Amino acid sequence: MSYFGNVAPIKFEGKQSTNPLAFKFYNPNEVILGKTMREHLRFAVAYWHAFTGSGSDPFGSGTAIRDWDKFSGMDLAKARVDACFELLNILDVDYFCFHDRDIAPEGDTLQETNKNLDEIVAYIKENMKSSGKKLLWNTANMFTNPRFVHGAATTNNAEVYAYAAAQVKKALEHGKELGSENYVFWGGREGYETLLNTDMGLELDNLARFLHMAVDYAKEIGFDAQFLIEPKPKEPTKHQYDFDAATTLSFLQKYNLLPHFKLNIEANHATLAGHTFEHELRVSRLNGVLGSIDANQGDMLLGWDTDEFPTDLYSTTLAMYEILQNEGGIGRGGVNFDAKVRRTSFEAIDVVYAHIAGMDAFARGLQVAAKLLEDRVLENIIDDRYASFKSGIGADIVSGKASFKTLEAYALQNNPIVNKSGRLENIKGIVNQYLINV
Ligand code: XLS
Ligand code: NI
Ligand code: NI
């Protein structure tokens, strides 16, 4: 049984290829800066978009035509697992990611829900064993079910808080069972609509308590995944607590959670926060918490999380420029396609094309970023731009020798101040040359 029209595994054919079912840039075995592309990129397929998404939008029902939709209940859940391993094989992708509620239907009680989950997790485990595919991360969906209307770990209702804890406990057990390399907390409805009815202090304290309990439980059961928080500024709540990397860092620091967490940075969440993807990656990298990425892109004309497949080479290049400079690269994280095909791309084969486009865009970004680094293009520009801190008064500032008194004495005799051009357009032209020529 094939869900993707018996497509053969996608091979690298090079940039001249016109075969829509071939990689133009992603050559898993190509070695760049001492590591293969496969090792650098660690691609993952997102279960929720690839296998449970229907292509619906607020104005229209689902358009996606998927052969597994002829099933229902647990049969549907199993068919989706089959589709998942078929797609991973077609794409030659090693990893996948899921929410608990993506993989198995909820029952009438928590007991029943957990039983369904256990059964599908066992089925996934068998498939992982026979295929060698791996779980990059799992997470708990605590935002779809109406019980989470006021949030999960930041709810006003302690009964919901307990339920959420039970759900994450189970998800951690399943993560361990499947050898997941990371575990993600994305704050679905962890935020608020208005301060008029919100105890922000209590909500944040409770969120921290929740995360500490998760850390403790993972330790207790010997689940050694890297914990990741995925910042997002808004949607579904108006103000999400994990607004962006900097906000999340200060939260982790305040509550002594920093040793246990890194960040999963998503491109579209960065732009929703008014940042570039590379800004969020840089903030994370400089603070030693760049853990993994959710690869997608937004639409600058739309104010929500459109989760498009990443095809903007400028953005993938600057993202890979950050990842290459991160200690250990992407480490035990990966490039997870938290991205969905557009509603108008409703055939199953579109999911294959979309991943090919995204993988090629990241492979190309990797090539260009590596060459930029190798040639020290931006490094030389930056060294030159900050040269004033290498000697004289600048060196005194950096070494800590300067004080307001010595700086005043310098300023009083230094007249006029001379600035240099930032040469921005020239630099952008050089980056374009690399994008085209490498
Ligand atoms: C939603 C998030 C979500 C997380 C996993 O905007 O990106 O998909 O990645 O819960
Ligand atoms: Ni995401
Ligand atoms: Ni998102």
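Atoms within a ligand are numbered from 1 in the order they appear, just like the ligands themselves. Fair warning: this is a prediction, and the values are worked out from it, not measured in the lab.
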Check whether the side chains of Glu203 and Tyr241 place a donor and an acceptor atom closer than 3.5 Å, and report yes or no.
-> yes
Salt bridge or not for Asp375 and Lys371, using N-O below 4.0 Å?
-> yes
Parallel, tilted or perpendicular: which fits the ring planes of Trp48 and Trp137, with parallel below 30° and perpendicular above 60°?
-> tilted
Could you check whether the rings of Phe23 and Tyr26 sit parallel, tilted or perpendicular, using 30° and 60° as the cut-offs?
-> perpendicular
Near the Ni ion (ligand 3) (under 2.8 Å) - protein N, O or S atoms | Glu266 OE2, His269 NE2, Asp305 OD2
Hey, could you give me the CG/NE2 distance between Asp102 and His49, rounded to the nearest 0.5 Å?
-> 9.5 Å
Between Glu235 and Lys232, does at least one N-O distance fall below 4.0 Å, as a salt bridge requires?
-> yes
What pair of heavy atoms forms the shortest contact from Pro310 to Gln297, and how long is it?
-> CA-OE1, 3.5 Å
Pairs of nitrogen or oxygen atoms, one from ligand 1 and one from the protein, closer than 3.5 Å: please tabulate them with distances.
residue	atom	partner	partner atom	Å
ligand 1	6 (O)	Lys232	NZ	2.8
ligand 1	6 (O)	His269	NE2	3.1
ligand 1	6 (O)	Asp305	OD2	2.9
ligand 1	7 (O)	Glu230	OE2	2.7
ligand 1	7 (O)	Glu266	OE1	2.7
ligand 1	7 (O)	His269	NE2	3.2
ligand 1	7 (O)	Asp338	OD2	2.8
ligand 1	8 (O)	Trp48	NE1	3.3
ligand 1	8 (O)	Asp338	OD2	3.0
ligand 1	9 (O)	Glu230	OE1	2.7
ligand 1	9 (O)	Glu230	OE2	2.9
ligand 1	9 (O)	Asp294	OD2	2.9
ligand 1	9 (O)	Asp338	OD2	2.9
ligand 1	10 (O)	His99	NE2	2.6

Using the ring of Tyr163 (Phe, Tyr or Trp, six-membered ring only), decide whether Arg147 places NZ or CZ under 6.0 Å from its centre and within 45 degrees of its axis.
-> yes
Look at the rings of Phe227 and Tyr183 and say which category their plane angle falls in: under 30° parallel, 30 to 60° tilted, over 60° perpendicular.
-> tilted
